[in-house]
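As structure tokens, the structure follows; a few thoughts come after it.
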Amino acid sequence: MAEFDESIISDKDRGYFAAKPAEDCVQNLEGKIDNYFKTLENLGWWDKLKDAYAIWSTGSKDSIGEAHQVNFSGDDGEFANLIANHYYNIGKNMHTMVTSVRPAMETRAVNTDAKSQIQTKLGNGLLDYYMRGSGKKVEKRLKMACEYAIALGAGHIKLSWNQNLGEMTNGEKIMEAQKRRQLGEAIKLPLPEYEGDIDFTLLSPFDIVEDITREDIKQDWKIVRSYKNKFDLIKVYPQFTDELLKIETKSEKPNMSCMYLSLSDKITDDIPVWEFYHERTESVPEGRYILFCNKETIMYDGPLPYRAIPIYSIKPSQVLGTPLGRSDMFELMPLQEAINGLYSTILTNQMAFGVQSVLVPTTGNFDPYQVTQGLNIIKYNPQGGEPKPLQLTATPPEVFKFLEFLIQTQETISGINSVVRGNPEASLRSGSAIAMIQSNAIQYMSNLQAEYVALIEDVGLGMIQMLIDFADSPRIANIVGESGRSYVKEFKGDDLRAINRVVVDSANPMSKTIAGRINMADNLLQYGEITPKQYMNVVNTGNLETATDATTTAEMAIKKENEMMMDGEEVAVLYFEDHMQHIQGHKQIVSDPELKRNPELVRLIGEHIQEHVRLLRETDPDLLMTLGQQPLRPQGAPPPQGQPPAPAPEGQVPGNPALETPQQQAIAQQGAQPQEMGARLPAGFEESPLSGAQNLERIQGQ
């Protein structure tokens, strides 16, 4: 078998573009960028996206500046132009239906051990911090990405690790150097160093380049464009000062952006910066990441620093055979243009002829001034005729019917019916009928909802993985905050690597709303899982964890004890523990048939459970009842109410009350014995059989 020549892949002429040297690779990337945009332009797709952006923003693709007002056109300004943006209203209703429930994420561990459970608690704190409490506005970016998807067919969120974000780590060193300089020492101040943090960038379809020939969803490479201040880049990459100053800004150079910028006004110093990501493949085993402006300004080139390409997309659907995103709103664009035309027709007619003219016969004998005033007595010649209004404002009813038809067609195509838009038809009178119509719209949106949930999951998992790979333990402690400090103590330095067993899933949004938490607290209070004091705390603060933290901590402790005993360690039992909860949790270990074969484990579990039973019996009953536990009667103690203890059935050793059935416990507490069935039979029937089996024995005996 012939050996493979590695040089073929990176060959300047014949090799794979992503494996070539940096300058050759960037030159190929610039060609791919130009070809991608030219292909979209030749297909008419680029004009479609620009029209979609304009109609979404203004209701018309003609002019953004003339939107949201009545305009006049024609040679003499005789035509009135009116835009009623049903297109945007329908799209925003789509967006509201999909994003109205606040994004709620929670982490789940692959394993159920105590350490994994602690990791999930930490992961939940991290996600909640970045979604709402970190100033990153991830939730807002998720919603904006969904809006891009509805309006333009696709929205993207890019994650990156920015070493210049976060808290400063060498502040004390800088202060010490400043003091030494003040004392006359000629030393150089150290540059600030930061913890680093996740940076989030929202991308539209105008900012991403993909392999348009790839029919599969998976892409081996992506190129994204973002805009950075050229002077910030010069500060970080001073070796490229001259090259960066020459690059035209976003407002100086025509670019295929969704905003119509003036070429003469220098309104920004932002310049386009390109990032090339390539997955780890056979030809590029380490992946590749290149940061560049052009082939003369390659600011970074190296292996892909992330586990996967950190660009996460939402697309309502795709153009078959391409990676291009497609939205149902595209079908509504010509309908919106037609609606605008009909509104303008009606308004033009009303404005031109709304003020009535008066027909006056030539032989009329009256003062025209009298016609313009009200409550006047007008004398006229009946033979000449009376003055009459000239009715020119009547618009053909077909215009209104067709306008209504176009609006209904928009609703039908989009799945957003009149009920969702707050204008139900007059025929829908019952609440059940309205609810059914609304549920149809919700069902139609289920695909977009699933895409949005997938985006939330992908972004959440990307955040967790990026923190694992780049953040240190002090960063994690700061993210969790005071309320999660007890869980952070379980992690020590590199132990954060274990979080790679955690996956992100969309959580039950009910647990993330105050009303939902109170409803859950109602159920917990009803079943005695929380106290009235804990319930009131949930009502006052909206924080359900204050009521469930104790239970969660206890369950984690039980799982930790189970792991210790499985490792052969003996675990002490304390008198104030919830003994019944521990007994139920520990016995689950030996429910596994494989673990039952381990005699040492069975011994440890049995002795540990027996110690819980002993403490339930011997601990001060008042203390146990104060802790909410039911004490057991000491062995041999008389039952309540002064009745003698019930003897055990013949040949049976008295059992442990904790392991008896409820019926047996009730009988033992009452000191009673089940009566013989024969004693209840009427006189003369004492020898009668008590069951079918006894009757069969009697017959066979005869």
Requested in this report: Evaluate salt bridge (Lys or Arg N to Asp or Glu O under 4.0 Å) for Arg225 paired with Glu275, printing each intermediate quantity in order.
Outcome: CA-CA 7 Å; Arg225 176 185 59 188; Glu275 294 173 273; over 6 Å; no

Requested in this report: Apply side-chain contact (heavy atoms from CB on, under 4.5 Å) to Ile223 and Ile208, showing your working.
Outcome: CA-CA 6 Å; Ile223 309 172; Ile208 189 165; over 6 Å; no

Query raised in the report: What's the verdict on side-chain contact (heavy atoms from CB on, under 4.5 Å) for Lys137 and Met144, showing C-alpha distance, side-chain angles and the deciding distance?
Result: CA-CA 11 Å; Lys137 299 182 180 180; Met144 291 182 67; over 6 Å; no

Query raised in the report: After noting the C-alpha distance and the side-chain angles of Phe330 and Tyr87, does the key distance pass the ring pair (Phe, Tyr, Trp, His ring centres under 6.0 Å) rule?
Result: CA-CA 10 Å; Phe330 293 170; Tyr87 182 91; 8.6 Å; no

**Report entry** side-chain contact (heavy atoms from CB on, under 4.5 Å) assessment of Ile311 paired with Val224
**Finding:** CA-CA 9 Å; Ile311 301 171; Val224 298; 3.2 Å; yes

Query - Pair Lys222-Ser313, side-chain contact (heavy atoms from CB on, under 4.5 Å): steps then yes or no - result: CA-CA 12 Å; Lys222 292 183 180 181; Ser313 305; 4.1 Å; yes

Requested in this report: Verify ring pair (Phe, Tyr, Trp, His ring centres under 6.0 Å) between His278 and Tyr16, making sure each step is shown before the conclusion.
Outcome: CA-CA 12 Å; His278 198 291; Tyr16 182 47; 5.5 Å; yes

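Panel note: side chain Ser327, backbone Leu152; no donor-acceptor pair is recorded below 3.5 Å. Put simply, the side chain of Asp197 never gets that close to the backbone of Leu165: no donor and acceptor are under 3.5 Å apart. A donor-acceptor contact shorter than 3.5 Å links the side chain of Thr241 to the backbone of Pro238. Remark: side-chain polar atoms of Lys230 are paired, donor with acceptor, to backbone N or O of Ile247 under 3.5 angstrom. At distances below 3.5 Å, at least one donor-acceptor pair connects side-chain atoms of Asn85 with backbone N or O atoms of Ile55. A donor-acceptor contact shorter than 3.5 Å links the side chain of Asn35 to the backbone of Gly31. In terms of modelled atom types and a separation under 3.5 Å, the side chain of Thr99 and the main chain of Lys143 share no donor-acceptor contact. At least one donor-acceptor pair under 3.5 Å links the side chain of Thr322 to the backbone N or O of Val319.
Looking at heavy atoms from C-beta onward, Met463 lies in side-chain contact with Leu159 at the 4.5 angstrom threshold. Two residues are said to be in side-chain contact when any heavy atoms from C-beta on lie closer than 4.5 Å; Gln336 and Gln410 meet this criterion.
Aromatic pair Phe206/Trp46: centroids less than 6.0 angstrom apart. The aromatic ring centroids of Phe292 and Phe240 lie 6.0 Å or more from each other. For Tyr277 and Trp221, the gap between ring centers reaches or exceeds 6.0 Å.
Taking a cutoff of 4.0 Å between a charged side-chain nitrogen and a carboxylate oxygen, Lys246 and Glu296 do not qualify as a salt bridge. With salt bridges taken as basic N to acidic carboxylate O contacts below 4.0 Å, one links Arg288 and Asp301. Look at Asp220 and Arg214 and you find a salt bridge, because one of the NZ, NE, NH1 or NH2 atoms lies within 4.0 Å of a carboxylate O, short of that distance. Using a cut-off of 4.0 Å between Lys/Arg side-chain N and Asp/Glu carboxylate O, Arg307 and Asp469 are scored as salt-bridged. Residues Glu210 and Lys315 are paired through a salt bridge, judged by an N-O separation under 4.0 Å between the basic side chain and the carboxylate. Using a 4.0 Å cut-off between charged side-chain N and carboxylate O, Glu147 and Lys92 make a salt bridge.
The shortest non-hydrogen separation linking Tyr237 to Leu244 is O-CD1, 4.3 Å. Looking at every heavy atom in both residues, Met168 comes nearest to Pro192 through CE-CB, 3.9 Å. Minimum interatomic distance between Gln239 and Glu243 (heavy atoms only, all atoms of both residues): O-OE1, 4.0 Å. Closest approach of Asp328 and Leu332 over heavy atoms only: O-CD1, 3.6 Å. Here the closest non-hydrogen pair linking Asn93 and Ile416 is CB-CG2, 3.8 Å. Taking each heavy atom of Ala18 and Phe276 in turn, the nearest pair found is CB-CZ, 4.0 Å.
Asn294 and Thr297 share a donor-acceptor pair across their side chains, judged by distance under 3.5 Å alone. In this model, a donor atom of one side chain and an acceptor atom of the other lie less than 3.5 Å apart for Ser204 and Asp207.
In this structure, Lys32 is positioned above the aromatic face of Phe17, its NZ or CZ under 6.0 Å from the six-membered ring centre and within 45° of the axis. Under the 6.0 Å distance and 45° angle rule, Lys250 counts as a cation-pi partner of Tyr227.
Relative orientation of the Phe37 and Trp274 rings is tilted, given thresholds of 30° and 60° on the angle between their planes. Using a 30° and 60° split on the angle between ring planes, Tyr289 and Tyr300 fall in the tilted class, from 30° to 60°.
With respect to Ile271, the side chain to side chain contact (heavy atoms under 4.5 Å, CB included) criterion is satisfied by exactly one of Leu245, Asn229, Leu233: Leu233.
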